[in-house]
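See structure below.
Throughout, a chain's letter reflects where its sequence line sits, starting with A, and its residues are numbered from 1. Keep in mind that the numbers below use all heavy atoms, side chains included, and drop hydrogens, waters and symmetry copies.
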Number of protein chains: 2
Amino acid sequence: MSDPLSRTFLALADPTRRAILSQIAEGAQSVTALVAANRLSQPGISKHLKVLEEAGLIRRERVSRTRPVHLDPRGLQLAGAWIDHYRKYWEGAFDRMDALIARLNEEAAKNGRQ
Amino acid sequence: MSDPLSRTFLALADPTRRAILSQIAEGAQSVTALVAANRLSQPGISKHLKVLEEAGLIRRERVSRTRPVHLDPRGLQLAGAWIDHYRKYWEGAFDRMDALIARLNEEAAKNGRQ
DNA sequence: TGGTTATATTTCTATTTGGTAATACTTTGG
DNA sequence: CCAAAGTATTACCAAATAGAAATATAACCA
């Protein structure tokens with residue numbers, strides 16, 4: 001699984017990583033701050049950061065000894081664009097769902113009658 | 001990893017599963033049709049379908065012996081809403097990225113000069 | 001310089017995932 | 001009813017992931 005889109009969705013498929021994104025949404029945070037905010041070991045956090053970075057979801061700056069972690073809009077853009085592309089099918093899917101549910105109810109009623 | 005959002009993103013983090021969603025975007029497909037379209041064994045496809053179903057991305061109808069697979073808007077809605085929530089930080093992140101890149105270039109120039 | 005802080009990397013382990021092959025189940029058509 | 005089609009489930013394997021602990025690296029400061 002090495003395509004960028006898969007990497008990005010996989011990176012988003014973890015609560016700790018989404019929490020990190022949430023924590024840096026309004027401004028950069030140091031790794032140490034992220035370790036304190038999430039109860040996980042420092043190597044654990046660094047590993048998650050690597051996954052997020054390779055997914056294009058974060059960027060690291062270098063400020064003195066610290067490496068503040070920023071949101072990177074590119075990964076979110078990639079994932080959002082994919083989902084947006086399918087949004088045009090959502091309404092149609094809703095309609096078809098309605099039809100499906102109606103049909104299932106009908107069948108259930110029919111079976112109930114037997 | 002058992003929360004719905006993680007399940008949905010994980011389901012999207014696979015090219016075969018995204019291909020399946022693409023194939024049913026404009027209308028339901030039988031499992032057999034999906035097996036033919038993706039070169040993977042039938043159990044392989046069924047396994048992917050199970051992942052997609054548990055992620056709220058597909059629904060299965062029952063028509064005679066076949067089980068046509070439909071898009072389910074709920075999973076896409078869930079993932080899309082999460083990403084949308086972060087969209088408001090994107091512009092800000094772009095601005096910060098510009099600042100970051102400027103700073104990095106500045107430092108590179110400085111280092112180059114030495 | 002040497003000590004300390006901040007972060008990354010390595011190593012190891014348990015769990016999960018993606019795949020195939022074999023088998024079971026279910027429904028319908030003859 | 002029974003044979004076959006359509007699909008699901010089971011059993012198994014290889015590879016990837018998530019986590020902790022230990023160690024290495026890098027930059028600042030006294």
Side-chain angles (χ1 to χ4, degrees), chain A residues 1-21 23-24 28-55 57-70 103-104 107 110-111 114, chain B residues 1-3 6-21 23-24 28-55 57-70 103-104 107 110-111 114:
Chain A
M1 189 240 328
S2 52
D3 64 292
L5 199 46
S6 296
R7 271 200 300 273
T8 300
F9 279 130
L10 184 64
L12 292 174
D14 181 280
T16 298
R17 289 193 291 259
R18 289 196 307 275
I20 289 173
L21 293 178
Q23 286 150 19
I24 64 172
Q29 297 276 327
S30 71
V31 175
T32 302
L34 294 173
V35 170
N38 303 273
R39 75 176 99 73
L40 213 62
S41 67
Q42 175 263 314
I45 295 293
S46 284
K47 223 164 159 186
H48 282 304
L49 291 177
K50 191 172 192 175
V51 173
L52 288 167
E53 187 171 35
E54 286 170 354
L57 288 163
I58 65 165
R59 277 264 164 192
R60 274 124 137 184
E61 193 181 357
R62 179 181 284 274
V63 169
S64 161
R65 269 174 299 194
T66 74
R67 308 283 304 274
V69 177
H70 297 260
R103 188 159 20 182
L104 291 177
E107 280 171 26
K110 192 172 62 185
N111 292 338
Q114 286 171 349
Chain B
M1 191 242 324
S2 51
D3 63 294
S6 296
R7 271 201 299 272
T8 301
F9 280 131
L10 184 64
L12 293 174
D14 181 279
T16 299
R17 289 193 290 258
R18 289 197 307 277
I20 289 172
L21 293 178
Q23 286 151 20
I24 64 172
Q29 298 275 328
S30 70
V31 175
T32 302
L34 294 173
V35 170
N38 304 272
R39 74 177 102 73
L40 215 61
S41 65
Q42 176 263 314
I45 294 292
S46 284
K47 226 166 158 184
H48 281 305
L49 291 177
K50 192 171 193 178
V51 173
L52 288 167
E53 187 171 36
E54 287 171 353
L57 288 163
I58 66 165
R59 278 263 164 190
R60 275 125 137 182
E61 194 182 356
R62 179 181 285 274
V63 169
S64 161
R65 266 175 300 197
T66 74
R67 309 282 305 271
V69 177
H70 297 261
R103 188 160 20 184
L104 292 177
E107 281 170 25
K110 195 171 61 186
N111 293 336
Q114 286 171 352

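- Protein atom CZ of B:R59 is 18 Å distant from nucleotide atom P of D:dT7, rounded to whole Å.
- Side chain A:Q42 to base C:dA6: no donor-acceptor pair is found below 3.5 Å.
- Set against D:dT7, C:dA8, C:dA6, the side chain of A:T32 has C:dA6 as its closest nucleotide.
- Checked for salt-bridge contact, A:E54 and A:R7 miss the test: no charged N lies under 4.0 Å from a carboxylate O.
- Taking side-chain N and O atoms only, A:R60 has a distance below 4.0 Å to OP1 or OP2 of C:dA8.
- To the nearest angstrom, P of C:dT7 lies 13 Å from CD1 of A:I20.
- Closest of all the heavy-atom pairs between B:H70 and B:I24 is C-CD1, 3.4 Å.
- Residue-level contact check: B:G44 touches the bases, meaning some heavy atom is under 4.0 Å from a base atom.
- Atom CG in B:L49 sits about 16 Å away from atom C1' in C:dT17, given to the nearest Å.
- Ranking D:dT9, C:dT20, D:dT7 by closeness to the B:K50 side chain, first place goes to D:dT9.
- In this structure, the CG atom of B:L10 is 11 Å from the P atom of D:dT17, given to the nearest Å.
- Under 4.0 angstrom from either OP1 or OP2 of C:dG18 there lies at least one side-chain N or O belonging to B:R17.
- The CG atom of B:L52 sits 12 Å away from the P atom of D:dA8 (whole-angstrom rounding).
- Close to C:dT27, at under 4.0 Å from its OP1 or OP2, lies no side-chain N or O of B:R67.
- With contacts defined as side-chain heavy-atom distances shorter than 4.5 Å, the pair B:N38/B:I45 qualifies.
- Counting non-hydrogen atoms under 4.0 angstrom, B:R39 reaches nothing in the nucleic acid.
- Side-chain proximity of A:K47 to the nucleotides C:dT9, D:dA20, C:dT20 is greatest for D:dA20.
- When all heavy atoms are compared, the tightest approach of A:A37 to A:Q23 is CB-OE1, 3.8 Å.
- Of all heavy-atom pairs between A:G44 and A:L40, the closest is C-CD2, 4.2 Å.
- Using a 4.5 Å heavy-atom threshold, the side chains of B:L12 and B:L21 count as touching.
- Atom pair B:L40:CG and C:dG18:P shows a separation of 11 Å (rounding to whole Å applied).
- No contact: A:T16 has no heavy atom under 4.0 Å from any strand.
- The nearest whole Å value for the distance from the CG atom in A:N38 to the P atom in D:dA18 is 14 Å.
- For the pair B:E54 CD and D:dA8 C1', the interatomic distance rounds to 13 Å; values are reported in whole Å.
- Among the nucleotides C:dT7, C:dG18, C:dT20, the one closest to the side chain of B:P43 is C:dT20.
- When heavy atoms are screened at a 4.0 angstrom cut-off, A:T66 is found touching the sugar-phosphate backbone but no base atom.
- Comparing atom distances between the B:S64 side chain and each of C:dT28, D:dA8, C:dT27 picks out C:dT28 as nearest.
- Between D:dG19 and A:H48, a contact under 4.0 Å exists linking OP1 or OP2 to a side-chain N or O.
- Between A:S41 and D:dG19, a side-chain N or O to OP1/OP2 separation shorter than 4.0 Å is absent.
- When heavy atoms are screened at a 4.0 angstrom cut-off, A:R65 is found touching base atoms of the nucleic acid.
- At the heavy-atom level, A:I45 lies nowhere under 4.0 Å from the strands shown.
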